[in-house]
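What you see is a predicted model; the values in this text were computed from it and never measured.
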Amino acid sequence: MSSLIKKISGQTFIELRTRKRMEQAKYLLVSSDYSIAEICNLVGIRNLNSFYTKFKKQYHMMPNDYRKKSYLSDHFL
């Protein structure tokens, strides 16, 4: 199954799962008041440092910076 996923998507199952988790985290950052640690757990990542690393790799900024940027965009621009 994993090889089929890789062949079709160009990504491994783990990469696809991580991307989906980061998309969910991004949504929760802008639509909720959950702490980053709570969001980390909600999206299924148990290690906070790992969460920060994965989020930064995908979005080129830290989760708190993303939340602040989104808040400022929604309220002042």
- Message: For a quick test of reading the model, state the closest non-hydrogen atom pair linking I36 to N64 and the distance between them.
- Response: CD1-N, 3.6 Å
- Message: Assigning hydrophobic clusters by single linkage (Ile, Leu, Val, Met, Phe, Trp, Tyr; side-chain heavy-atom cutoff under 4.5 Å), is I14 placed with I5?
- Response: yes
- Message: For Q24 versus V43, what's the shortest heavy-atom pair and its separation?
- Response: CB-CG1, 3.8 Å
- Query: Taking only residues two or more places apart in sequence, or in another chain, which ones meet S32 in a side chain to side chain contact (heavy atoms under 4.5 Å, CB included)?
  - Reply: L28, Y34, I39, R67
- Item | Sub-4.5 Å side-chain heavy-atom contact between M22 and I45 | yes
- Message: I need the R21 CZ to C40 SG distance, nearest 0.5 Å.
- Response: 9.5 Å
Pairs of donor and acceptor atoms involving the side chains of residues 47-61, under 3.5 Å and at least two apart or interchain, shall be tabulated with distances.
from: N47; atom 1: OD1; to: N49; atom 2: N; distance (Å): 2.9
from: N47; atom 1: OD1; to: S50; atom 2: N; distance (Å): 2.8
from: T53; atom 1: OG1; to: N49; atom 2: O; distance (Å): 3.0

- Task: Using the salt bridge (charged side-chain N to carboxylate O under 4.0 Å, His left out) rule, take R19 and E15 through it: C-alpha gap first, then chi angles, then the decisive distance, then the call.
- Result: CA-CA 6 Å; R19 188 179 77 200; E15 291 168 336; over 6 Å; no
- Nearest-0.5 Å distance, CG of residue L29 to NZ of residue K69: 12.5 Å
